[in-house]
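These notes are about the structure you will find just below.
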Amino acid sequence: MNITRLAIDNNRTTLVLVVVLILLGMQAYKTIPRAYDPGFIIRAAQVITYFPGGSPERVEQLISDKIEKVVQELPELDFVKSESRTGVSIVTVNIKESYSDMRPIWDSLRRKVDKVTNDLPSGVIGPNVNDEFGDVFGVVMTLTGEGYSYSELKDVADAARDELLHISEVAKVEIHGEQEERIFVEYDNARLSELNLTPLQLSQILANQNVVVSGGSIRLDKERIELEPSGNFENVNDIRRATIQLPGTTDVIYLENIATIKRDYIDPAKKLVRHSGTPALAIAVSMREGGNNILLGKEVRQTIKQLEAQLPIGVEFQWVNFSPQEVEDKVDDFIGNLLQAVAVVAAVMLFSLGFRTGIVVSALIPLSMISTIFVMNQLDIGLDQISLAALIIALGMLVDNGIVMSENIM
């Protein structure tokens with residue numbers, strides 16, 4: 001079948017198909033996913049287990065080796081490797097390239113790791129399966145507040161995370177740099193010795209007073225009333241006013257009379273974030289699979305702008321990394337290259353080949369690109385730096401094809 005002859009004989013049908021293809025391509029361009037890099041499948045996960053105080057040899061023998069054996073039962077496994085350090089075991093699981101749906105595999109991995117948990121020594125923390133360490137956070141911002149504590153900034157960051165998770169293009173929001181708070185009870189050994197009280201006894205007395213247990217329930221006909229015992233520590237003042245019975249006597253004393261009680265952060269801090277030397281919290285946002293990075297950037301900016309209008313003076317958001325702007329610049333550069341190519345080819349063809357042939361050759365480039373974008377959208381291929389580079393390379397070949405076609409016709 002001669003497609004060219006068929007298209008010429010049914011030129012009105014061909015024209016309608018071309019118009020429909022243009023409309024479909026323009027609609028696809030509006031909805032096609034945009035990202036900085038193409039999506040790729042990470043076929044690796046880590047099983048991390050902590051064994052405080054364990055030497056590398058003991059960690060290897062008691063933890064890593066046992067986890068490796070159950071991991072090797074996975075039929076999809078490609079290879080497994082482990083790293084045993086002082087107090088920590090890291091087992092990396094790699095899946096064969098032929099598998100693309102990773103969620104059922106990771107669920108199976110978790111079930112197998114759970115089986116070996118009871119065989120691990122006491123004092124072990126974990127094991128924890130981490131299959132999300134390959135997530136990419138294209139939007140990173142910091143939150144600073146002059147005169148505000150970390151806990152106050154954390155409240156603002158939590159509110160921002162809740163709002164950002166409502167965005168349809170957002171997959172995950174993480175907060176980094178938050179400081180863990182603790183209640184510190186600082187005592188004087190000499191003072192405890194005077195009262196014939198040891199630090200262990202003091203700790204046990206406080207633990208026995210702050211116990212969360214069920215108080216039972218009372219049934220009244222069809223109703224049931226739950227009883228909740230009082231006496232739990234609700235704030236620092238409750239701890240200060242805790243009564244301590246002195247050993248061997250009936251005398252009691254308030255905790256604040258023998259110790260200093262305060263709320264503070266863990267020192268040294270496990271992690272710190274600073275922006276231009278100022279203590280801060282970092283908020284990282286990742287895009288959902290197949291999302292539109294440019295739309296993500298617009299919605300994130302709008303959400304942050306609304307939050308800033310409600311924040312007290314001194315609390316500010318500052319952008320650290322904003323990949324949606326880079327993606328938008330790359331797409332704009334491609335559109336600019338496309339328009340330049342069409343303009344240059346049209347001018348040359350109209351001047352050298354005449355109006356009719358020049359229009360046919362010039363129309364080949366945008367029609368081919370619009371058709372390609374429509375097909376890309378149907379195949380779930382988005383616009384990223386790899387696909388845009390391929391389209392730019394194809395742009396040069398389209399110009400050559402148009403000229404060769406015209407020469408053959410003439």
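Source: prediction; values computed, not measured.
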* Asked: For the residue pair Gly25 and Ile373, what are the closest heavy atoms and their distance?
  -> O-CG2, 4.2 Å

* To do: Please list, chain by chain and in numerical order, all residues satisfying side-chain hydrogen bond (donor to acceptor under 3.5 Å, both in side chains) with Gln179, sequence neighbours excluded.
  => none

* To do: Calculate, to the nearest 0.5 Å, the distance between atoms CD1 and NZ belonging to Ile294 and Lys298 respectively.
  => 7.0 Å

* Under 3.5 Å, side chain of Arg288 to main-chain N/O of Ser168, donor-acceptor pair present? -> yes

* Exercise: do Glu316 and Gln318 side chains pair donor with acceptor under 3.5 Å -> yes

* To do: Kindly confirm or rule out a cation-pi arrangement of Arg111 over Trp106, judged by NZ or CZ under 6.0 Å from the six-membered ring centre and within 45° of its axis?
  => no

* Asked: What distance do Leu120 atom CG and Ile67 atom CD1 have between them, rounded to the nearest 0.5 Å?
  -> 6.0 Å

* Asked: Is the shortest distance from a Lys or Arg side-chain nitrogen in Lys154 or Glu178 to a carboxylate oxygen in the other one below 4.0 Å?
  -> no

* Of all the heavy-atom pairs spanning Ser108 and Leu74, show the shortest one and how long it is. => OG-CD2, 3.5 Å

* Among Val70, Val71, Thr49, Val47, side chain to side chain contact (heavy atoms under 4.5 Å, CB included) partner for Val116 -> Val70

* Short question: side chain of Thr14, backbone of Ala7 - any donor-acceptor pair under 3.5 Å? -> yes

* To do: Tell me, yes or no, whether the heavy-atom count around Tyr254 atom OH, taken from other residues, nucleotides or ligands under 6.0 Å, exceeds 12.
  => no

* Leu77 and Gln72: which non-hydrogen atoms are nearest, and at how many Å? -> CD2-CA, 3.6 Å

* Between Glu174 and His176, a side-chain donor and acceptor under 3.5 Å -> yes

* Going by atom types alone, do Ser276 and Thr278 pair a side-chain donor with an acceptor below 3.5 Å? -> no

* Would you check if the side chain of Lys66 reaches a backbone N or O of Asp119 as a donor-acceptor pair within less than 3.5 Å? => yes

* Asked: Does the side chain of Ser82 come under 3.5 Å of the side chain of Glu68 through a donor N or O and an acceptor N or O?
  -> yes

* Going from CZ on Arg240 to CG on Asn257, what distance comes out if it is rounded to the nearest 0.5 angstrom? -> 12.0 Å

* Should we say atom CZ of Arg5 is surrounded by more than 12 heavy atoms from elsewhere, each under 6.0 Å from it? -> no

* Do Leu6 and Asn10 have side-chain heavy atoms sitting under 4.5 Å apart? -> yes

* May I ask you to check whether Thr260 and Glu186 show a side-chain donor-acceptor distance below 3.5 Å? => no

* Would you call Lys271-Glu180 a salt bridge at under 4.0 Å N-O? -> no

* Asked: Given side chains that start at C-beta, do those of Trp319 and Ile304 come closer than 4.5 Å, heavy atoms only?
  -> yes

* Asked: Any side-chain heavy-atom pair from Tyr148 and Pro312 closer than 4.5 angstrom?
  -> yes

* Going by atom types only, do Ser64 and Ser84 share a side-chain donor-acceptor pair under 3.5 Å? -> yes

* Asked: Roughly how far, to the nearest 0.5 Å, is OG of Ser323 from CG of Asn293?
  -> 4.0 Å

* Got more than 12 heavy atoms from elsewhere within 6.0 Å of CD1, Ile8? -> yes

* Asked: Would a 4.5 Å heavy-atom cut-off, applied to side chains only, mark Arg43 and Asp78 as touching?
  -> no

* More than 12 non-hydrogen atoms from neighbouring residues, nucleotides or ligands closer than 6.0 Å to CZ on Arg85, yes or no? -> no

* Identify whether the distance between the nearest side-chain nitrogen and carboxylate oxygen of Lys330 and Glu328 falls below 4.0 Å. => no

* Using a cut-off of 6.0 Å, state whether more than 12 heavy atoms not belonging to Tyr50 lie near its atom OH. => no

* To do: Please indicate whether Lys30 has more than 12 foreign heavy atoms, meaning atoms of other residues, nucleotides or ligands, lying under 6.0 Å from its NZ.
  => no

* Euclidean distance, Leu391 CG relative to Ser368 OG, rounded to 0.5 Å -> 11.0 Å

* Inspect the surroundings of CZ in Arg110 and state if more than 12 heavy atoms from other residues, nucleotides or ligands are less than 6.0 Å away. => yes

* Asked: Got Leu164 and Val139 here, is their nearest side-chain heavy-atom distance under 4.5 Å?
  -> no

